[in-house]
Amino acid sequence: MKKLSIKSRVALWYAFSFLLIILLVGALLLAAGDSLIIKERKSILSSVTDRALEDVRIIQGKLFIDKDIDYYSDGVYVVLCQDNGTLLSGLEPAGFPESAVFEADHTRKIKNGDSSFYVYDRLIENQKIGKIWVRGITSARLRDIAPSAIRMLTGFLIALPILFLIAMAGGWLLTRQAFYPLTRIIDTAEQIRRDGKLDQRIGLGDPEDSDEIKRTAAIFDEMMNQIEKDFEMEKQFTNDASHELRTPISVILAESEYALQYLCGKPVRGSDPQKGSDPLEESLLEIHSQAVQMSSLVSQLLAIARADRHIDQLKREFTDVSLLVEEAIDRFSKEAQRRDIRLEIDAEECCYMDCDPVFMRQVFDNLIDNSLKYGKTGGKTALTVYQDQTWIHVNVEDDGIGMAAEEIPRIWERFYRIQPVSTPDSSKESSMPAQPLVNEDQARSMGLGLPMVKWIVEAHGGSVSVDSEPGLGTSFHLVFPSKHPDSTV
Ligand code: ADP
């Protein structure tokens with residue numbers, strides 16, 4: 001069963017304690033009231049009986065009863081009886097037992113079935129006429145002697161559930177108010193976790209506040225300030241370091257190319273110059289190749305640092321995505337030929353959206369480059385562009401080495417690379433289906449391309465997903481919000 005929140009538990013405790021206190025106070029009042037009412041009733045009984053006694057006289061052996069005698073007053077019935085119980089005058093209440101014996105000057109309770117009575121007897125003795133009893137009788141039932149108390153009790157019992165509900169609601173409102181800062185802390189922490197934005201703050205009170213929760217909130221805010229500052233500094237450092245590294249790397253590249261040209265007698269360009277036989281030439285080629293990789297790494301690091309710091313704001317233009325994809329295919333056609341991979345395109349015309357073409361080119365270049373790097377010789381890469389009412393869809397599909405399902409969630413992490421399978425033997429041992437050999441590009445993979453792709457796609461309001469089967473291929477699916485040429489927004 002789901003546990004109740006602290007707010008609900010406190011509200012319930014509050015309501016139950018409130019109810020308990022009301023019940024206790026009610027029971028005490030009832031008990032005290034009950035004994036007071038009984039005491040009062042008994043005193044009325046004796047005074048009415050004594051008053052009646054004053055109206056009864058025996059003169060010269062004869063019984064005289066005053067005309068003013070009250071046989072019923074204040075709920076008390078008065079009867080005059082002989083010692084054998086014979087009723088001389090007066091009125092007995094219904095249900096009073098005839099056999100009730102006489103006891104002088106003593107109030108007592110007599111029960112008869114459902115009825116109960118208080119009785120008070122006074123005795124008049126005379127030698128001639130013997131014993132005459134003046135008896136006062138009154139009901140001992142609370143509903144007869146104090147009907148208003150019963151009405152109050154009934155009202156109290158009816159009001160009890162209503163009071164309980166009011167106490168619950170009041171308790172809930174009070175705890176909600178008291179827990180508001182805690183709710184703000186949870187919401188803010190959740191927002192930071194969900195959006196990854198470190199600039200969110202709770203914004204309640206100050207660290208000197210006497211309220212513990214508000215103090216916690218203020219300390220949380222201060223901690224976030226510090227984390228954000230450190231994070232900014234780290235990004236600034238990456239930005240600066242990448243920037244500073246660019247010049248020496250360019251010099252190493254240029255110098256190694258110059259030296260190689262000098263040695264081989266022909267210009268060396270690009271990332272994959274032909275291997276030579278001379279050891280000096282080989283080590284220069286290695287320096288050149290490492291410098292190419294370093295240059296690419298530094299460019300990507302710089303791009304990511306700038307993206308994180310929002311230095312490169314998107315410069316949106318009304319752009320045909322199909323055209324961008326076609327241009328990307330043209331850029332990679334030679335590379336595809338070199339790797340013997342077919343590049344196919346099926347693009348709907350005029351798929352317009354507001355985007356930054358420079359960043360978008362980077363997306364398509366990255367995905368096509370990966371499809372060639374991780375594709376298989378003699379295979380193909382197919383690009384599809386189409387649109388519906390609201391979205392533009394771009395698929396980049398290859399029939400290359402593919403990825404294991406457990407690796408897929410991690411490919412969007414920076415510097416994450418799937419461990420390449422390096423020999424034909426190990427690929428046989430692997431649980432995956434047989435895969436093509438890993439080429440030099442795969443071994444040099446840096447794991448920065450896809451995080452950049454994701455960032456750019458999401459910055460344009462789109463999303464990217466991937467389907468992959470080891471040994472069968474990979475398909476990236478991009479979705480962007482479209483904009484029709486005739487739309488004015
Ligand atoms: P890199 O640019 O260094 O390749 P990415 O971030 O682009 O880094 O890719 C991360 C990892 O995802 C790569 O190391 C590779 O293993 C895997 N990957 C990316 N694209 C494909 C693909 N089309 N086919 C198979 N694996 C891929």
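In listed order, ligands and their atoms are each counted from 1.
Polar contact check, G447 against ligand 1: a nitrogen or oxygen pair lies under 3.5 Å apart. For M403, no nitrogen or oxygen atom sits less than 3.5 Å from a nitrogen or oxygen atom of ligand 1, counting backbone and side chain alike. Of the N or O atoms in Y416, none lie within a sub-3.5 Å distance of an N or O in ligand 1. Taking only nitrogen or oxygen atoms, main chain and side chain alike, R417 does not reach within less than 3.5 Å of ligand 1.
Atom CD of Q191 sits in a crowded spot, with more than 12 heavy atoms from other residues, nucleotides or ligands closer than 6.0 Å.
Evaluation of the salt bridge (Lys or Arg N to Asp or Glu O under 4.0 Å) test over residues 455-473, restricted to residues two or more places apart or in two chains, returns K454-E458.
T319 OG1 to M353 CE: the interatomic distance, rounded to the nearest 0.5 Å, is 8.0 Å. One finds the NZ atom of K42 at 8.0 Å from the NZ atom of K109 (value rounded to the nearest 0.5 Å).
Taking every non-hydrogen atom of K373 and a distance limit under 4.0 Å, the qualifying atoms of ligand 1 come out as 1 (P), 2 (O), 4 (O). Close approach to P451 involves these atoms of ligand 1, each under 4.0 Å from a residue heavy atom: 6 (O). Every atom of ligand 1 is numbered from 1 in the order shown, and the set under 4.0 Å from a heavy atom of T474 is 22 (C), 23 (N), 24 (N), 25 (C).
Taking the side chain to side chain contact (heavy atoms under 4.5 Å, CB included) definition, one finds that D356 meets it with L314, K315, V358, F359, H460, sequence neighbours left out.
Ring pair Y386/H393 is parallel by interplanar angle, where below 30° counts as parallel and above 60° as perpendicular.
Taking 4.0 Å as the cut-off, G473 does not count as a neighbour of ligand 1 on heavy-atom distance. Using a non-hydrogen distance threshold of 4.0 Å, N366 does not register as a contact of ligand 1.
For E232 and K229, the salt-bridge test fails: no basic side-chain N is under 4.0 Å from an acidic carboxylate O. Salt bridge present: R193 and E190 bring a charged side-chain N and a carboxylate O closer than 4.0 Å.
Neither the backbone nor the side chain of E407 has a heavy atom within less than 4.0 Å of ligand 1. Counting heavy atoms closer than 4.0 Å to ligand 1, residue L448 contributes backbone atoms (N, CA, C, O) but none from C-beta onward.
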